[in-house]
Amino acid sequence: MTPPREPLFLARQTYRRRRVADAARLLPVIGAMLFLIPILAAGSGDGATTARGGIYVFVVWAGLIVVTATLSRPLSRRESEADADPKETRP
């Protein structure tokens, strides 16, 4: 019989950092999809105007900037803390 395996444990800080990094990687895909919505709405003929589309694109663009800034803070802070702590190893 083989001894039971110990459960895999990930440190909470490492786990959160990886999830934030995953969100940062997914953000360009979400942004591209959001930018395509006015193009799809223009073909539907429901009265979507160029002005509405322009405002929508600007709001999405500003929102992406805010979300990117929000996600970049924890990533840069934790990276500098990891550099200061020689015990922590990075994958």
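Scored by the side chain to side chain contact (heavy atoms under 4.5 Å, CB included) test, Leu71 finds Val20, Ala23, Ala24, Leu27, Val67 as partners (sequence neighbours excluded). Partners of Ile37 under the side chain to side chain contact (heavy atoms under 4.5 Å, CB included) rule, at least two apart in sequence or in another chain, are Leu34, Tyr56.
Using a 4.5 Å cut-off on side-chain heavy atoms (C-beta onward), Asp22 and Arg19 make contact. No side-chain heavy atom of Ile30 sits under 4.5 Å from any side-chain heavy atom of Phe35. Inter-residue side-chain proximity for Ile65 and Thr68 is flagged as unmet; no heavy-atom pair is nearer than 4.5 Å.
Heavy-atom minimum distance, Leu75 versus Ala21: CD2-N, 4.0 Å.
Atom CZ in Arg18 sits 10.0 Å away from atom CZ in Arg25 (nearest 0.5 Å).
Other cluster members for Ile55: Val59, joined by side-chain heavy-atom distances under 4.5 Å among Ile, Leu, Val, Met, Phe, Trp and Tyr.
Placement of Val66 and Met33 in two distinct hydrophobic clusters is found when ILVMFWY residues are connected by side-chain heavy-atom separations under 4.5 Å, directly or transitively.
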